[in-house]
2 protein chains.
Amino acid sequence: MATKNAAQQRADRKHDYDAYLAACPSRQLLERISNKWVVLVLNELGDGPARYSEIARVVAGVSQKMLTQTLRNLERDGLVHRDVEATVPVTVTYSLTELGSSLLKVMGQLKLWAEDYMPEVFAARERYDAL
Amino acid sequence: MATKNAAQQRADRKHDYDAYLAACPSRQLLERISNKWVVLVLNELGDGPARYSEIARVVAGVSQKMLTQTLRNLERDGLVHRDVEATVPVTVTYSLTELGSSLLKVMGQLKLWAEDYMPEVFAARERYDAL
DNA sequence: CAGCATCCTGGAAGATACTG
DNA sequence: CAGTATCTTCCAGGATGCTG
């Protein structure tokens with residue numbers, strides 16, 4: 001065991017790599033938004049504050065595990081605000097923060113791009129598949 | 001077994017859900033860009049055409065499998081162009097298409113958002129973790 | 001109502017070896 | 001050089017049951 005084995009070398013490389021990327025804002029952003037639930041929840045909250053169960057209903061298909069996890073992360077990053085009213089049973093309302101709104105605004109541009117160019121993407125796909 | 005069991009009901013819901021989302025352009029877009037390799041490759045090609053090995057070098061950490069897969073998908077969707085020169089050995093150059101450029105332009109906005117607001121996100125994170 | 005804890009599986013992605 | 005083929009690992013995310 002005098003020399004480094006493959007696993008160790010991989011670990012080293014991985015470490016360098018992570019260290020580099022961790023400092024890259026676009027990478028950080030990527031990890032934040034490259035998650036379908038994040039995008040869907042953010043969009044839903046763009047229509048105004050909503051309660052947990054409302055979000056769960058609108059964002060069809062999300063498990064409560066994923067919904068809770070997503071909301072927690074968004075809260076942690078200061079993108080959504082979580083308001084708990086001490087009623088019985090408890091009432092929890094989520095809303096976008098300023099920061100969340102500014103991100104949603106930018107993501108809206110992407111949404112517009114999708115709506116504008118998706119037909120072209122589909123066409124390209126069919127052309128490619130026809131070969 | 002006269003009534004539908006839980007699994008069947010879930011399957012039904014899942015089917016409805018998929019059908020609905022499959023028709024949603026923003027969902028389609030999401031699946032296209034919510035992939036770190038896609039974003040990194042697109043950004044790299046934003047600096048101009050590049051050969052396979054160049055991309056592999058700049059986008060550190062990507063395996064050939066993932067790089068090839070990513071490039072193929074981008075080509076299929078009409079976002080990048082693949083140019084093969086019949087030299088020996090073969091020379092393959094990738095470049096952004098018009099469509100790819102327009103997407104990159106929009107993604108650039110997100111990148112700018114990240115660079116502008118990441119500090120706030122980090123601050124929010126630390127505040128949250130301090131609780 | 002709005003979660004938390006636990007178990008489990010499919011598919012994404014990495015490692016590795018080979019080739020026109 | 002620019003891939004393909006194959007094996008394997010890993011973990012995001014779904015299912016399910018319980019609770020303040």
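All values below were derived from every heavy atom in this structure, side-chain atoms included, with hydrogens, water molecules and symmetry-related copies excluded. Keep in mind that what you see is a predicted model, and the values were worked out from it rather than measured. In the text below, chain A, chain B and the rest are named by the order of the sequence lines, each starting its count at 1.
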Open item on the list: Contact between A:Arg82 and A:Leu71 at the side-chain level, heavy atoms closer than 4.5 Å - yes or no?
Closed with: no
Task: Donor-acceptor contact present, side-chain A:Thr97 to main-chain A:Leu79, <3.5 Å - done: yes
Task: Out of C:dT6, D:dG3, C:dG20, whichever nucleotide has its closest atom nearest the side chain of A:Lys65 - done: C:dT6
Open item on the list: Consider side chain to side chain contact (heavy atoms under 4.5 Å, CB included). Of B:Val59, B:Val41, B:Leu40, which one does B:Leu67 pass it with?
Closed with: B:Val41
Task: Separation of atom CG in A:Asn73 from atom C1' in D:dA12, rounded to whole Å - done: 13 Å
Open item on the list: With a 4.0 Å cutoff (strictly under), does any side-chain N or O of A:Arg51 reach OP1 or OP2 of C:dG3?
Closed with: no
Task: Selection from D:dG14, C:dG3, D:dA2 that lies nearest to any side-chain heavy atom of B:Tyr52 - done: D:dA2
Task: Short side-chain donor-acceptor distance under 3.5 Å, A:Thr68 and A:Tyr52 - done: yes
- [ ] Return no unless some side-chain N or O of B:Arg72 is found under 4.0 Å from OP1 or OP2 of D:dT4.
- [x] yes
Task: Phosphate OP1/OP2 of D:dC1: any B:Tyr94 side-chain N/O under 4.0 Å - done: no
Open item on the list: If you assign A:Pro89 and B:Met66 each to the DNA chain C nucleotide with the nearest heavy atom, which residue ends up on the more 5' nucleotide?
Closed with: A:Pro89
- [ ] Using a cut-off of strictly less than 4.0 Å, decide whether A:Arg82 has a side-chain nitrogen or oxygen near OP1 or OP2 of C:dG3.
- [x] yes
Open item on the list: Expressed as a whole number of angstroms, how long is the span from A:Leu67:CG to C:dG3:C1'?
Closed with: 10 Å
- [ ] Identify which nucleotide among D:dC1, D:dT4, C:dC7 has an atom closest to any side-chain atom of B:Thr68, counting heavy atoms from C-beta outward.
- [x] D:dT4
Open item on the list: Rounded to whole Å, how long is the line connecting atom NZ of A:Lys36 with atom P of D:dA12?
Closed with: 14 Å
- [ ] Could you work out which one of D:dG3, C:dA13, D:dG13 sits closest to the side chain of B:Asn35?
- [x] C:dA13
Open item on the list: Can you identify which nucleotide, out of D:dG3, C:dG20, C:dG14, has its nearest atom closest to the B:Gln64 side chain?
Closed with: D:dG3
Open item on the list: Taking the nucleotide of DNA chain D with the nearest heavy atom to each, does A:Gln69 or A:Val90 sit closer to the 5' end?
Closed with: A:Gln69
- [ ] Round to the nearest Å and state the distance from B:Asp83 atom CG to D:dC1 atom P.
- [x] 18 Å
Open item on the list: So, taking the atom named CZ in B:Arg125 and the one named CD in A:Gln28, what distance separates them when rounded to the nearest 0.5 Å?
Closed with: 5.5 Å
